[in-house]
Amino acid sequence: MATNIFQRIQGGLAAKRQNLTEFLNSAPEEKIDLCCENEREVHAHLHVIETALEKAEDETLGICTICHGHIDPGRLEMDYTARVCLEHMSEPERRQLEEELEFSQIVQRALLPQITPEIPGAELAAFTRPAAIVGGDYFDFFHFRDGTHGLVIADIPGHGVSAGMLMSSLQTAIRTMAPESDSPSEILMRINRFYIHNIHFTTFVTIFLARFDPFTHTLTYASAGHNPPVVVHKRKADVTWLKPTAPAIGLAEEFHARTELVMLEHGDILFLYTDGVTEAFNPALEQFGSQRLADLLGKNVDLGANDIIQTVRQGLEAFGNGHELEDDTTFVALKLVE
Ligand SMILES: [Zn+2]
């Protein structure tokens, strides 16, 4: 697992280097179009990335310079300039990190919706629990131009201040763009264009963004590499997985997203989640998995949104047999009343 994250960091850095180099080589008029970064900052950041890649090359990236132990990959993913492990941080550094974590915890709590919106003929409920002090899971509710309801769930790798800041800028971006748009895919495309050159963003974000029309029961959605949400159809007694329609945000400049459509009926459930749900382990090291999730929802299709949330919570707890969840866990249920 640690190697995977390490390779992802290295891959992310290499892609970012290429992006920044292309950006620096692009024509001045394109630059104004693409982003507003100051060119000197881009050069400086390119240098930092190159240093990190050199360290990856000679296998010193993510190695504590004092004890030669491994730096927590989650921390490295967001701060690839980290040079020492947590134990070998100086007292002021550790204090600063703690303050940052505390601050981002406050920011994150403030960002998550405090109340769920009223949707005619539907119920909405949500649950979120960060595994570490600050999580990288994010969900929100908003409105599109025509007044239809917007739902978003996203998974931001890493923890701490960088994840928190990214989350707050993502929320602002979506809330700014949605009232001007009817199209989930258009919003994702604009978000990718916005973040691809964000210099502090070395890794990628998965986002599922949907628009629900309570009068026609139409759900249109676009998904940038997010774990497929599931629709449990009550009458048809089957499920639809809402698979990605675009790559994750921040991976590639060439980014095309499709908007897809699914019709909901009375009694159906739409369930959104982050990978902390399907990738939860039990003591025998089996994963909860998407099949178990679909079965659990199918068996409880008659419940209201709040009870669905409670049932999945209890199902995960029972599955883990008291073990702490390793990843952030977030889920949202939309239930069409009968
Ligand atoms: Zn150390």
Side-chain angles (χ1 to χ4, degrees), residues 1-17 20 41 43-109 129-138 155-168 198-206 248 250-251 274-276 279-281 283 285 287 320 322-329:
M1 183 132 147
T3 356
N4 265 342
I5 292 178
F6 188 76
Q7 283 165 350
R8 204 160 79 196
I9 293 170
Q10 202 173 350
L13 284 170
K16 191 59 63 182
R17 174 175 60 184
L20 290 178
E41 274 178 32
H43 273 292
H45 193 70
L46 195 56
H47 177 71
V48 176
I49 288 178
E50 273 162 1
T51 311
L53 277 166
E54 277 162 25
K55 285 171 81 180
E57 204 66 19
D58 63 24
E59 293 175 5
T60 55
L61 183 72
I63 302 295
C64 172
T65 51
I66 296 169
C67 69
H68 305 293
H70 286 275
I71 296 170
D72 168 49
R75 205 176 113 226
L76 193 65
E77 199 161 21
M78 272 303 174
D79 179 11
Y80 45 85
T81 60
R83 294 164 51 86
V84 290
C85 69
L86 275 184
E87 292 86 88
H88 291 105
M89 280 183 149
S90 68
E91 204 38 51
E93 282 172 329
R94 203 191 308 233
R95 238 191 341 262
Q96 192 192 346
L97 185 70
E98 275 165 14
E99 274 171 26
E100 284 181 1
L101 287 174
E102 210 171 301
F103 174 67
S104 36
Q105 195 178 20
I106 296 168
V107 170
Q108 279 197 345
R109 278 213 206 103
R129 171 169 53 195
I133 310 174
V134 181
D137 281 3
Y138 165 67
D155 200 333
I156 297 163
H159 305 280
V161 147
S162 336
M165 290 303 165
L166 190 52
M167 191 182 292
S168 81
N198 183 316
I199 56 171
H200 300 298
F201 186 31
T202 55
T203 179
F204 56 84
V205 170
T206 68
L251 277 183
T274 55
D275 58 9
E279 291 171 14
F281 284 99
L285 295 180
Q287 286 198 337
H323 280 235
E324 281 284 313
L325 292 168
E326 279 186 25
D327 201 354
D328 308 324
T329 308

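This structure is a prediction, so every number in the text was calculated from the model and none was measured. Order of listing sets the numbers, starting from 1, for every ligand and every atom in it.
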Distance (rounded to the nearest 0.5 Å) between [X] [atom1] and [Y] [atom2]:
{"X": "Glu54", "Y": "Ile49", "atom1": "CD", "atom2": "CD1", "result": "12.5 Å"}
{"X": "Thr81", "Y": "Lys55", "atom1": "OG1", "atom2": "NZ", "result": "8.0 Å"}
{"X": "Asp275", "Y": "Asp137", "atom1": "CG", "atom2": "CG", "result": "7.5 Å"}

Next on the checklist: Please give me the protein atoms (N, O or S only) lying under 2.8 Å from the Zn ion (ligand 1), ordered by chain and number.
Outcome noted: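 Checking every protein N, O and S atom gives Cys64 SG, Cys67 SG, Cys85 SG, His88 ND1.
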Item to check | Pairing residues for Ile63 by the side-chain contact (heavy atoms from CB on, under 4.5 Å) criterion, not counting sequence neighbours | outcome: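 Per chain and number, Ile63 pairs via side-chain contact (heavy atoms from CB on, under 4.5 Å) with His68, His70.
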Checklist entry - Crowded around Glu91 CD? As in, over 12 foreign heavy atoms under 6.0 Å? => result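 Yes, because the 6.0 Å sphere around CD of Glu91 holds more than 12 heavy atoms from other groups.
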Next on the checklist: For Arg94 versus Glu87, what's the shortest heavy-atom pair and its separation?
Outcome noted: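 Smallest heavy-atom distance, with atoms named: NH2-O, 3.5 Å.
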